[in-house]
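Report on the structure given below.
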Protein chains: 4
Amino acid sequence: MIVVMKVGSPEAEIERINSEFEDWGLTPEKIVGKHKVVIGLVGDTAALDPLQIEEISPWIEQVLRVERPYKRASREFRHGEASEVIVSTPEGPVIFGEHHPVAIVAGPCSVENEQMIVETAKRVKAAGAKFLRGGAYKPRTSPYSFQGHGESALDLLAAARDASGLGIITEVMDTADVEKVGEVADVLQIGARNMQNFPLLKKVGAQDKPVLLKRGMSATIEEWLMASEYVLAAGNPNVILCERGIRAFDRQYARNTLDLAAIPVLRELTHLPIMIDPSHGTGRAEYVPTMAMAAIAAGCDALMIEVHPNPAKALSDGPQSLTPERFDRLMTELSAIGKAVNRWQEPATVLA
Amino acid sequence: MIVVMKVGSPEAEIERINSEFEDWGLTPEKIVGKHKVVIGLVGDTAALDPLQIEEISPWIEQVLRVERPYKRASREFRHGEASEVIVSTPEGPVIFGEHHPVAIVAGPCSVENEQMIVETAKRVKAAGAKFLRGGAYKPRTSPYSFQGHGESALDLLAAARDASGLGIITEVMDTADVEKVGEVADVLQIGARNMQNFPLLKKVGAQDKPVLLKRGMSATIEEWLMASEYVLAAGNPNVILCERGIRAFDRQYARNTLDLAAIPVLRELTHLPIMIDPSHGTGRAEYVPTMAMAAIAAGCDALMIEVHPNPAKALSDGPQSLTPERFDRLMTELSAIGKAVNRWQEPATVLA
Amino acid sequence: MIVVMKVGSPEAEIERINSEFEDWGLTPEKIVGKHKVVIGLVGDTAALDPLQIEEISPWIEQVLRVERPYKRASREFRHGEASEVIVSTPEGPVIFGEHHPVAIVAGPCSVENEQMIVETAKRVKAAGAKFLRGGAYKPRTSPYSFQGHGESALDLLAAARDASGLGIITEVMDTADVEKVGEVADVLQIGARNMQNFPLLKKVGAQDKPVLLKRGMSATIEEWLMASEYVLAAGNPNVILCERGIRAFDRQYARNTLDLAAIPVLRELTHLPIMIDPSHGTGRAEYVPTMAMAAIAAGCDALMIEVHPNPAKALSDGPQSLTPERFDRLMTELSAIGKAVNRWQEPATVLA
Amino acid sequence: MIVVMKVGSPEAEIERINSEFEDWGLTPEKIVGKHKVVIGLVGDTAALDPLQIEEISPWIEQVLRVERPYKRASREFRHGEASEVIVSTPEGPVIFGEHHPVAIVAGPCSVENEQMIVETAKRVKAAGAKFLRGGAYKPRTSPYSFQGHGESALDLLAAARDASGLGIITEVMDTADVEKVGEVADVLQIGARNMQNFPLLKKVGAQDKPVLLKRGMSATIEEWLMASEYVLAAGNPNVILCERGIRAFDRQYARNTLDLAAIPVLRELTHLPIMIDPSHGTGRAEYVPTMAMAAIAAGCDALMIEVHPNPAKALSDGPQSLTPERFDRLMTELSAIGKAVNRWQEPATVLA
């Protein structure tokens with residue numbers, strides 16, 4: 001932690017501050033610059049909050065953090081190695097990680113009825129997906145919009161799991177539902193709007209199921225990693241990060257701004273696997289294939305794609321869903337890029 | 001709802017679409033423009049989702065909403081009249097509304113111990129505040145930061161209420177805590193990070209306590225009003241909106257961008273009372289007085305100000321807290337503006 | 001300047017870097033922290049670019065600036081005193097500065113014809129304005145929109161100046177027009193889109209007319225002050241800063257986000273006077289009065305308000321223009337706030 | 001154009017408005033909805049400004065544009081076909097367009113001296129680049145930073161052109177410099193800060209050299225296309241669009257947010273070729289290769305990459321420049337993606 005003093009700070013005040021730091025068990029080192037004095041704090045500063053330190057004296061101009069505020073999520077925590085998040089599915093474990101093929105998650109925004117979810121599951125499985133997505137509980141901007149079928153939809157997801165062999169990823173929105181959702185889901189999804197729902201993060205952190213943590217619409221990379229730290233610190237080491245578009249100033253065409261540069265940034269900062277959701281990330285089916293291809297070229301570990309048997313009749317998120325036919329074609333397109341970067345596994349192996 | 005067709009849309013497709021709209025009980029009216037055909041939908045369109053309509057045909061270019069998506073929150077719902085949200089306090093009801101004096105809410109970020117919260121309550125009461133704010137449950141970016149004293153802090157708030165006569169406003173973060181918090185709070189606060197925590201909105205909507213709904217960091221005005229609609233639709237008509245700074249591109253000095261223009265915008269759109277929080281809105285104690293004055297000049301109905309007996313020792317949010325002395329002075333400054341716009345009640349009247 | 005080294009940086013590399021800094025005439029001071037080494041650079045670092053320093057070694061994690069990158073614009077440059085920018089007008093000098101009454105600038109977006117500009121000038125003068133604004137050269141998003149009458153409009157501004165006694169503020173967009181505009185304008189306006197048009201900044205910096213520098217739509221406070229530094233460094237000490245709304249994520253109601261907290265932030269950082277433009281800042285006439293009142297309460301030194309004799313027939317920016325009648329009323333509203341903060345001069349004195 | 005009337009608009013007012021529209025030569029068509037009346041305007045509405053129409057009556061709630069505001073830049077203008085921008089270079093014409101190989105532009109941020117620019121040109125040519133980039137005039141945030149060598153650097157670019165056979169792309173910042181720069185440049189670059197410098201756009205629109213138009217930091221897609229329309233309307237049909245990162249809320253790691261979804265969005269809206277600049281788009285050399293790969297997968301027509309023989313000694317933009325060695329490797333990596341999408345031409349053909 002670096003403490004920058006204002007121009008003209010009295011020597012006595014600087015001494016008072018330094019002795020306060022010493023009381024905290026830190027070793028302050030003073031650098032006298034041309035105009036300003038700067039104090040470097042040596043010791044265990046990771047848990048200190050720069051905002052609190054600023055309050056020690058009105059002569060403090062700013063406090064700069066040198067250490068990162070997250071630990072378990074940091075790449076250093078695993079000595080530079082990538083994590084492998086292993087998820088069990090009816091057809092065996094699937095590994096999310098940077099040394100493994102890109103894992104494909106596909107399915108509708110929400111679970112509408114048994115036939116549609118089972119049919120979709122079989123279709124996306126045949127095309128090469130390993131996981132089915134589908135919402136039982138849906139966060140909707142309007143209270144008058146379809147809110148998901150809730151508990152009964154969980155049963156339908158279980159049926160689709162049995163029928164297809166796919167793993168299940170579904171969202172949980174309330175601490176009260178975590179156990180119930182965990183009985184069906186292979187991965188618990190925390191949606192973008194709940195990225196900083198801290199009671200929920202603590203609760204999923206106490207489960208033994210992997211967690212998919214979507215980035216909040218206006219979350220910085222650091223806030224996102226701090227949110228993952230809540231899950232990790234609660235004892236659950238299996239977190240997958242999912243970028244799904246951030247909010248910028250232009251929403252006329254693409255509804256969100258898909259931040260693909262998050263991939264190389266996260267690679268440097270964290271060991272956690274990275275998923276990209278181009279469906280929410282753009283909000284428009286016609287932009288999804290292009291951005292899915294770009295995501296693989298940029299090195300993502302997994303993709304989440306919305307697929308609906310009949311987007312025109314979807315109860316939610318229709319405009320960003322692909323038809324099963326378009327998804328089939330997309331998988332062929334993706335395989336070309338995936339092979340070019342050595343991150344592709346042919347679905348053929350699934351049939352074996 | 002207005003449906004804009006792409007250039008060159010086949011006549012047969014337009015007819016097909018129109019007959020689909022008729023099946024929905026709507027009356028489509030076709031306007032043939034120079035380049036494009038536009039369809040106006042007459043009937044009950046408020047519950048329709050433009051995104052769903054887009055899915056009816058690939059020939060649809062865009063769907064424009066003419067009706068507002070919220071009802072109970074709209075100014076029209078109350079025939080243009082402002083709401084009065086009446087909150088009971090130990091010293092009688094306080095009214096939030098545009099024809100009433102500006103209500104002042106003050107207190108520390110979090111409840112630290114009995115002495116500090118009781119002392120702060122008495123001080124801000126003496127200066128003219130009507131409500132004490134103070135967090136029992138604190139949303140913190142880091143899992144390693146102080147998370148609030150939780151349930152035990154609720155008792156301390158109750159003690160401060162008794163000792164000072166102030167009403168209590170405190171945040172609830174988890175559906176599981178709503179009843180417990182409601183036993184102490186006179187107003188249930190939903191924080192910015194939970195603005196779209198829909199299970200929580202539904203739950204506080206089912207309580208008989210007024211709700212203070214903070215705007216999410218990147219929430220549009222419309223999304224914010226839709227969030228209030230969740231509470232209203234659940235049966236609770238007593239919602240106060242609170243602007244607390246949005247996230248923009250420059251956070252070097254002020255940590256958030258306080259959107260004071262939200263005041264005239266909301267005045268036009270909704271009947272709900274409007275509170276401004278310049279403490280979170282700027283993140284820096286030195287900017288708070290100026291922005292509090294501006295907020296009153298802009299017509300806010302209430303102000304929320306962080307006050308801490310010793311900001312340098314605060315367990316959270318120190319840099320944005322005023323000392324009680326600075327708060328006393330601020331109240332004098334505010335009274336000059338408040339009187340100039342006829343929205344000020346002297347604390348003297350409280351003593352009567 | 002503070003140089004933070006990566007974890008595990010070799011001692012030899014740190015020595016190499018330090019000897020490079022010494023070659024530059026700096027004195028590096030090394031702090032060995034628990035995990036990281038930090039180097040404080042003592043000496044004349046103001047002209048150094050942190051980005052360049054990062055390139056010295058791949059072991060450098062980040063470089064933090066401690067000094068501000070602007071000098072002449074800084075409050076320290078004038079030893080904490082505010083500047084007074086004195087502008088000559090036909091009726092004598094008007095002073096912009098924090099110890100003077102709020103100066104009002106009013107007029108149409110663009111100069112349309114002699115009658116309208118002279119009439120508007122007289123009306124706003126009578127209401128208390130000291131300056132007439134009006135564009136001869138107009139930056140328009142579309143090449144097909146009215147681009148201003150150019151040179152001939154400058155003559156009309158001169159006529160309005162003579163007829164009303166008001167000073168003239170008008171925009172210059174091209175280095176080739178600076179002298180020509182300077183013959184008529186009492187203040188040269190640099191528009192938001194040209195805030196970082198550096199050849200233009202250098203050119204107006206070489207004139208002997210005061211410069212009104214509008215903030216770019218997505219300019220940080222620091223970039224804005226650096227732009228003012230271009231003018232100051234070119235020899236022109238008379239710069240007025242004008243906040244006119246920044247671009248954020250919600251443009252459905254107010255077209256821009258008026259950043260009033262820029263007032264206290266700038267007060268701390270710079271000695272330059274501060275103007276607020278609520279007309280562009282909100283883009284809607286109905287929000288202008290409220291935000292003008294808030295701006296005065298927040299401590300601005302000047303206001304720029306669009307007034308048009310017939311907004312419905314305006315060739316540009318109609319929706320954000322007030323009628324002369326509404327402007328008259330606004331001046332009365334503003335006087336109440338202006339008097340409350342001791343920053344108001346009655347127009348009566350003008351009649352003397 | 002669609003005009004939405006407020007609830008309760010008087011019938012007489014609607015008739016008055018309609019007769020005004022008829023005076024303008026338009027045919028208004030009225031739709032009477034459940035709550036509101038909507039007027040569709042048939043006729044030549046492309047040049048109308050929605051903001052002006054709003055001013056016709058206080059009973060107008062909003063005006064929605066149905067036509068796009070740009071013509072020459074629209075995909076429809078060329079009947080759905082992509083443009084080919086053909087640029088002459090010493091070694092023959094290079095075509096930018098969606099049915100051609102990705103064109104690579106590389107070189108330093110600024111031209112520092114003859115040796116460095118000639119050496120860099122030869123190196124990037126050998127690796128497969130077709131164009132050399134390099135600034136003679138540099139837009140710099142600080143007046144104290146290196147501003148480019150100006151006119152003398154143009155001579156060095158000419159020398160590098162002769163020595164390498166590469167085409168030259170360099171920025172022009174001032175209308176006064178356009179002819180001079182045009183004598184050396186094969187493509188005139190308009191930088192992000194000048195995207196809405198309208199006099200400059202008109203001037204380059206009057207040249208017979210192709211124009212590279214960078215997207216402004218906070219420009220919407222529509223504003224960017226309108227800026228291109230200035231060049232096209234001035235008579236120059238050869239415009240290449242370049243995305244270089246937009247400004248969002250998180251600049252801690254990547255300095256800008258590279259908006260790759262602009263590629264599929266622009267593909268749909270315009271016929272103009274699309275270039276991506278991952279160097280400015282991320283601001284960090286270590287993120288450039290990944291984002292360059294993603295850009296090709298997303299379908300860009302050209303890439304602009306900063307390469308500097310010794311980034312640590314660069315006079316500007318060092319941290320985002322690749323070394324020539326890293327650039328060589330990048331070209332190999334790009335070829336794998338480029339071939340996977342059939343957009344790659346081996347540099348071998350250059351040797352022929």
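Each chain gets a letter, A, B and so on, in the order its sequence line appears, and its residues count up from 1. No hydrogens, no waters, no symmetry mates; every other heavy atom, side chains included, goes into these values.
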Checklist entry - At what distance, to the nearest 0.5 angstrom, does OH of Tyr287(B) lie from CG of Leu260(C)? => result 14.5 Å
Checklist outcome for this item: Checked Ala248(B), Ala297(B), Ala262(B), Pro264(B) vs chain C; the most non-hydrogen pairs under 4.5 Å come from Pro264(B)
Checklist outcome for this item: Of the listed Ile337(C), Val341(C), Thr282(C), the one with the largest count of heavy-atom pairs under 4.5 Å with chain B is Ile337(C)
Next on the checklist: Is Leu258(C) in contact with chain B via its backbone, its side chain, both, or neither, using a 4.5 Å heavy-atom distance?
Outcome noted: backbone
Checklist entry - Which region of Ile296(C), side chain (C-beta onward) or backbone (N, CA, C, O), has a non-hydrogen atom less than 4.5 Å from a non-hydrogen atom of chain B, or is it both or neither? => result neither
Checklist entry - Checking Glu223(C) against chain B: side chain, backbone, both or neither under 4.5 Å from a heavy atom? => result neither
Item to check | Glu333(B), part contacting chain C, at a heavy-atom distance under 4.5 Å | outcome: neither
Item to check | Region of Ala219(C) that comes under 4.5 Å of a non-hydrogen atom in chain B | outcome: backbone
Item to check | Option among Val265(B), Asp259(B), Ile221(B) that satisfies the side chain to side chain contact (heavy atoms under 4.5 Å, CB included) test with Asp250(C) | outcome: Ile221(B)
Next on the checklist: Working to the nearest 0.5 angstrom, can you tell me the gap between Thr290(B) OG1 and Ile263(C) CD1?
Outcome noted: 8.5 Å
Next on the checklist: Report which part of Arg247(C) has an atom under 4.5 Å of a heavy atom belonging to chain B: side chain, backbone, both, or neither.
Outcome noted: backbone
Checklist outcome for this item: What one should report as the nearest heavy-atom pair of Tyr253(B) and Glu222(C) is OH-OE1, 3.5 Å
Checklist entry - Closest approach of Ala340(B) and Ala336(C), non-hydrogen atoms and distance? => result CB-O, 3.7 Å
Next on the checklist: Please classify the contact of Ala261(C) with chain B as side chain, backbone, both or neither, using a heavy-atom distance under 4.5 Å.
Outcome noted: both
